[in-house]
Number of protein chains: 2
Amino acid sequence: MGVLERKEREKQEMRELILQTATCMFLEEGYEKTSLRNIAEKIEYSPATIYLYFKDKKELFYAIHERAFENFFVHMSSAEKIINPMQRLRRMGELYIEFAFQNPELYDLMFIMRAPMEAIKESRAEWGHGPRSFELLRTTIINCMEAKLMKPMDIDVAALSIFSFIHGFTSMTIRDRLIMYPKESLRPLLEKSLDNMIDLMKA
Amino acid sequence: MGVLERKEREKQEMRELILQTATCMFLEEGYEKTSLRNIAEKIEYSPATIYLYFKDKKELFYAIHERAFENFFVHMSSAEKIINPMQRLRRMGELYIEFAFQNPELYDLMFIMRAPMEAIKESRAEWGHGPRSFELLRTTIINCMEAKLMKPMDIDVAALSIFSFIHGFTSMTIRDRLIMYPKESLRPLLEKSLDNMIDLMKA
DNA sequence: AATTTTAATAAACATTGTTCATTTTAGCAA
DNA sequence: TTGCTAAAATGAACAATGTTTATTAAAATT
């Protein structure tokens, strides 16, 4: 019964082709310009074919979102080997900033755009990826407190404060809301502010 | 020469009618559903007529954005009467949170959506409103430092830290990225986190 | 009353996401 | 090889979008 297996594999390969093509176009041209027609044209298939592999455009972009979060999680996990939780926290901030500034479009899709979250809502699925990465931060903060390296405070308050701060800065950079500062100064300013914030939280 | 004046006034009134109608529809139905055709239908004019008063859809929404910022600025300015700069800072945070949670769609347009900033870019104008409100925060922080109520640190770092933090939290709430927390818990959590952050910055 | 200037529109264009009836292709049995 | 079935792919259509342009209606001026 090798036929069914091959068919399944081919189905996956086709899905992958669509996904890769859509991702490329999204990174180069943005969400609006990545129309189903343009994707279909590039892979030399009819637009309707895409609907055999993805329910609609939102689900296609949820798939891209999902994959981006997997890479993000791996990226962030590389800090886990750092034993000192305070140093690990700082490193996680650095990794986060790195990811955001190197992949602004993906970051936008992951943390700002509506489309992928609406796809989740419509499919009644739950969003595992966001909370999973957030747990990395939360755990590190617990470790900091346990080691008495961080002032005692509510864990959710501490985690949300740091996360909100970095995301706020990053998203305003991506969405052009910090134009009162020169573009090149933003990342250094973010790093400096992160250092400052972590310092304030030190025991 | 009363004719020209009347014409000018009528022109303004028409502009205002479009603006008001668009604002209402935007608040009730969101950006996508507020199409130029739907606006035109509601005011009983042809879609093309709107183009006699606004260059395109982006400029129309920039006008809404602009007006929202004016209201926002007035709203925030009500804290200026508080003499103690640290108390004023806390009050400004409260006012900000109030505005964001009472007008999530307008907040989205002001601080998240791309359209209005692209309108500015295309018209080679500059964005006065964001920086103007930011100056309120910046000044208050300077006052805090001068009164030695706040730990000495770089002013831009301090201002951007607080602003980024509140915006990060708010925008993730609006764009459904904090679904690991119950919806009703988010605003209290934000207030608590803001208190905590300001406490950390106290001298 | 005739002319000029302004305002408004109808119709068209180029897109978009999405659906569905139809056709093509592939796999299998006689 | 020939027929049959099931799956895959498509062409054409639908409804909606933002936007432009040539044409018509209205108003103001002479």
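Sequence lines set the chain letters: A, B, ... in the order given, protein chains first and strands last, and positions in each chain run from 1. Note that the structure is predicted; figures quoted are calculated from it, not measured.
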* To do: Find the bend of the helix from C:dA1-D:dT30 to C:dA30-D:dT1 as the angle between its two terminal axes (five pairs each), to the nearest 10°.
  => 30°
For [X] and [Y], I'd like to know if the aromatic rings sit close, meaning centre-to-centre distance below 6.0 Å.
{"X": "A:F72", "Y": "A:Y96", "value": "yes"}
{"X": "A:Y107", "Y": "A:F99", "value": "no"}
{"X": "B:W127", "Y": "B:F69", "value": "yes"}

Nearest whole angstrom, please: distance from the [atom2] of [N] to the [atom1] of [X].
{"X": "B:K55", "N": "D:dT20", "atom1": "NZ", "atom2": "C1'", "result": "14 Å"}
{"X": "B:Y45", "N": "C:dA10", "atom1": "OH", "atom2": "P", "result": "13 Å"}
{"X": "B:L60", "N": "D:dT17", "atom1": "CG", "atom2": "C1'", "result": "15 Å"}
{"X": "B:I18", "N": "C:dA8", "atom1": "CD1", "atom2": "P", "result": "9 Å"}
{"X": "B:M14", "N": "C:dT6", "atom1": "CE", "atom2": "P", "result": "18 Å"}
{"X": "B:E41", "N": "C:dA10", "atom1": "CD", "atom2": "P", "result": "13 Å"}
{"X": "B:L52", "N": "C:dT9", "atom1": "CG", "atom2": "P", "result": "9 Å"}
{"X": "A:R37", "N": "D:dT17", "atom1": "CZ", "atom2": "P", "result": "16 Å"}

* To do: Find out whether B:E28 and B:K33 are in side-chain contact, i.e. whether some heavy atom of one side chain is under 4.5 Å from a heavy atom of the other.
  => no
* Asked: Does any non-hydrogen side-chain atom of B:H65 lie less than 4.5 Å from one of B:M113?
  ->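 No; the side chains remain at least 4.5 Å from each other.
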* Asked: Is A:F54 touching bases, backbone alone, or none of the nucleic acid, heavy atoms closer than 4.0 Å?
  ->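 If one applies the 4.0 Å heavy-atom cut-off, A:F54 turns out to touch nothing in the nucleic acid.
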* Asked: Should the pair A:R15-A:E10 be classified as a salt bridge under the 4.0 Å nitrogen-to-oxygen rule?
  -> no
* Ion pair check, B:R88 and B:E80, cut-off under 4.0 Å -> no
* To do: May I ask you to evaluate whether B:S46 reaches the phosphate of C:dA8, defined as a side-chain N or O under 4.0 Å from OP1 or OP2?
  =>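 Looking at the OP1 and OP2 atoms of C:dA8, neither is under 4.0 Å from any side-chain N or O of B:S46.
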* To do: May I ask you to verify if any side-chain N or O of B:N38 is less than 4.0 angstrom from the OP1 or OP2 atom of D:dA16?
  => no
The side chain of [X] lies closest to which of these nucleotides: [options]?
{"X": "A:Y53", "options": "D:dA9, C:dG17, D:dT17", "result": "D:dA9"}
{"X": "A:K57", "options": "D:dG18, D:dT17, C:dG17", "result": "C:dG17"}
{"X": "A:K11", "options": "C:dT19, C:dT18, D:dA8", "result": "D:dA8"}

* Structure fact -> On DNA chain D, more 5' by nearest nucleotide between B:Y51 and A:T49 is A:T49
